[in-house]
Visitor: 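Could you have a look at this structure, given as structure tokens, before my questions?
Treat the numbers as computed from the prediction; the structure is a model and nothing was measured. In each ligand, atom 1 is the first atom listed, and ligand 1 is the first ligand listed. These values consider heavy atoms only, across backbone and side chains, with no hydrogens, waters or symmetry-generated copies.
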Amino acid sequence: MKFGAICDDFTGASDLGLMLAEGGMSVVQFVGTPDAARPAGVGAGLVSLKSRSAPVAQAVQDSLEAYRWLRAQGCEQIMFKYCSTFDSTPEGNIGPVLDALIEESGTANPVIVCPAFPAAGRTVYQGHLFVGDRPLSETGMRHHPITPMTDSDIRRWLGRQSRRAVGHVTLAQLRGDPRAALLAEAHAGRQLVVCDAVEDDDLRALGRAAKGFPLISGGSGIALALPELFGDSKRPAARWQGLDGPAAVLSGSCSEATRRQISTHLERGAPAYKISVADLIAGRETPEAAAAWARAQHGLPLIYSSDDPEAVRYNQDRFGADVATEAVESFFRRLARQLVDAGVRRLIAAGGETSGAVIGALEIAELEVGPRIAAGVPALSVTGRDLVLALKSGNFGGPDFFAEAAKILAAKDGGGGD
Ligand SMILES: Nc1ncnc2c1ncn2[C@@H]1O[C@H](COP(=O)(O)OP(=O)(O)OP(=O)(O)O)[C@@H](O)[C@H]1O
Ligand SMILES: O=C(O)[C@@H](O)C(=O)CO
């Protein structure tokens with residue numbers, strides 16, 4: 001294993017997996033840090049954690065454990081993958097995890113910090129993160145239920161989280177001599193370097209500039225150059241074998257793109273079942289009832305707690321954010337188990353936290369990356385089991401994502417990536 005990544009959520013890991021697999025690398029996505037050594041034959045190993053929303057100390061501990069395991073597998077470069085919208089609070093977890101990884105690795109090299117992912121509209125310019133034509137803090141991310149992003153200046157946001165000074169490489173420097181600019185920042189004592197990038201070619205230049213640095217960080221965009229750097233870019237894509245059989249969509253994501261996808265599903269008259277947080281907490285709603293409803297449907301059943309920012313805030317104020325989150329996630333954990341036990345073979349989960357809850361409940365250890373459903377979202381097959389999945393980041397995918405995902409998950413000869 002030449003390249004490893006510590007991913008702070010499950011949908012993010014599959015996003016990165018798609019980027020590397022489309023570049024021709026052989027990729028395995030691990031669920032948590034594996035107990036045992038991995039036999040040779042994997043170019044990139046991605047350890048998916050549920051550390052984005054964990055308490056800081058837990059996120060640091062889990063990330064260090066993943067780092068040590070990846071090093072032991074021979075990884076020459078390790079990436080810390082976070083969200084392309086830099087999801088984190090002023091306390092962390094991105095800064096504290098980066099601080100700990102720098103100490104563990106002992107590196108004095110610069111560490112790239114770049115969430116840009118132009119294919120999904122995320123760009124970094126003058127140290128500020130944009131989604132499409134809006135600064136991050138003017139998008140729906142301002143109202144995110146767990147990590148509301150109220151400042152678009154990534155240098156300032158990271159500066160509040162990290163013990164280290166934060167540097168910056170501008171777009172002009174990146175398009176000049178990015179390696180020299182990165183090294184200059186580190187020499188000046190600013191080892192964490194926020195990098196501008198607005199196009200895929202900027203990210204390729206950044207990846208090449210960091211050649212040989214043991215630690216990099218970012219969204220999946222900075223992986224664009226890696227297949228070429230790790231000499232694994234000519235590998236033919238594996239054929240994808242989807243699965244027939246019942247499918248279901250579980251959505252706890254309250255992001256704008258997911259809510260659009262739910263509206264499309266409803267407009268088409270497809271079966272949908274909405275969960276109320278108040279009913280969950282009062283015990284009036286159960287996974288058993290939702291599973292029975294799903295089994296009785298024709299077409300693609302959607303079970304969702306997703307709601308608009310006002311409703312989410314109301315639930316958080318009334319019950320407490322942790323209680324509301326746990327009620328929703330525990331519901332989806334139990335529902336996912338019941339659906340799979342009842343024969344569901346194609347499962348689509350919307351939202352990073354929701355996907356983490358579902359994967360954890362299904363006791364999945366390893367995933368193989370299949371073809372692209374949307375930018376940042378591949379079809380996945382569970383190693384050794386008759387189960388295929390799509391784990392969708394909240395803000396990814398077009399309006400018809402659910403139907404498209406169900407179709408690709410069933411495709412028998414949808415060759416990898418074609
Ligand atoms: N109706 C609701 N009221 C309050 N909280 C909710 C409600 N529905 C879902 N949640 C919580 O909101 C969070 C949504 O996070 P999740 O990561 O699943 O989606 P997302 O933020 O859209 O996705 P991503 O992290 O991939 O961008 C979950 O923790 C979930 O428990
Ligand atoms: O980078 C992104 O936006 C996604 O891969 C993600 O992290 C989803 O939660």
Visitor: Mind telling me whether Tyr273 and Trp293 have parallel, tilted or perpendicular rings, with 30° and 60° as the class edges?
Guide: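 Tilted: the ring planes of Trp293 and Tyr273 meet at 30° to 60°.
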Visitor: What residues sit with at least one heavy atom under 4.0 Å from ligand 2?
Guide: Asp9, Thr11, Gly12, Asp15, Arg52, Lys81, Tyr82, Cys83, Ser84, Ser393, Phe396
Visitor: If the threshold is 4.0 Å, N to carboxylate O, is there a salt bridge linking Arg259 and Asp307?
Guide: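 Answer for the salt bridge query: no.
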Visitor: Before accepting this row, confirm whether a basic side-chain N of the pair Arg337/Glu363 lies closer than 4.0 Å to the acidic partner's carboxylate O.
Guide: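 Salt bridge: no.
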Visitor: Which protein residues come within less than 4.0 angstrom of ligand 1, counting heavy atoms only?
Guide: Thr11, Arg52, His144, Pro145, Ile146, Gly252, Ser253, Cys254, Ser255, Val277, Ser305, Asp307, Val312, Asn315, Thr325, Val328, Glu329, Gly351, Gly352, Glu353, Thr354, Ser393, Gly394
Visitor: Answer yes or no: is there an ion pair linking Glu76 with Lys211, defined by an N-O contact shorter than 4.0 Å?
Guide: no
Visitor: Tell me yes or no: between the side chains of Asp8 and Ser51, is some donor less than 3.5 Å from an acceptor?
Guide: no
Visitor: Check the orientation of Phe130 and His128. Use parallel for under 30°, tilted for 30 to 60°, and perpendicular for over 60°.
Guide: tilted
Visitor: Taking atom CD of Glu366 and atom CD1 of Ile364, what is their separation to the nearest 0.5 Å?
Guide: 11.5 Å
Visitor: Going by distance alone, is a donor N or O of one side chain under 3.5 Å from an acceptor N or O of the other, for Ser220 and Asp15?
Guide: yes
Visitor: Are side-chain N/O atoms of Ser253 and Thr258 paired as donor and acceptor at under 3.5 Å?
Guide: yes
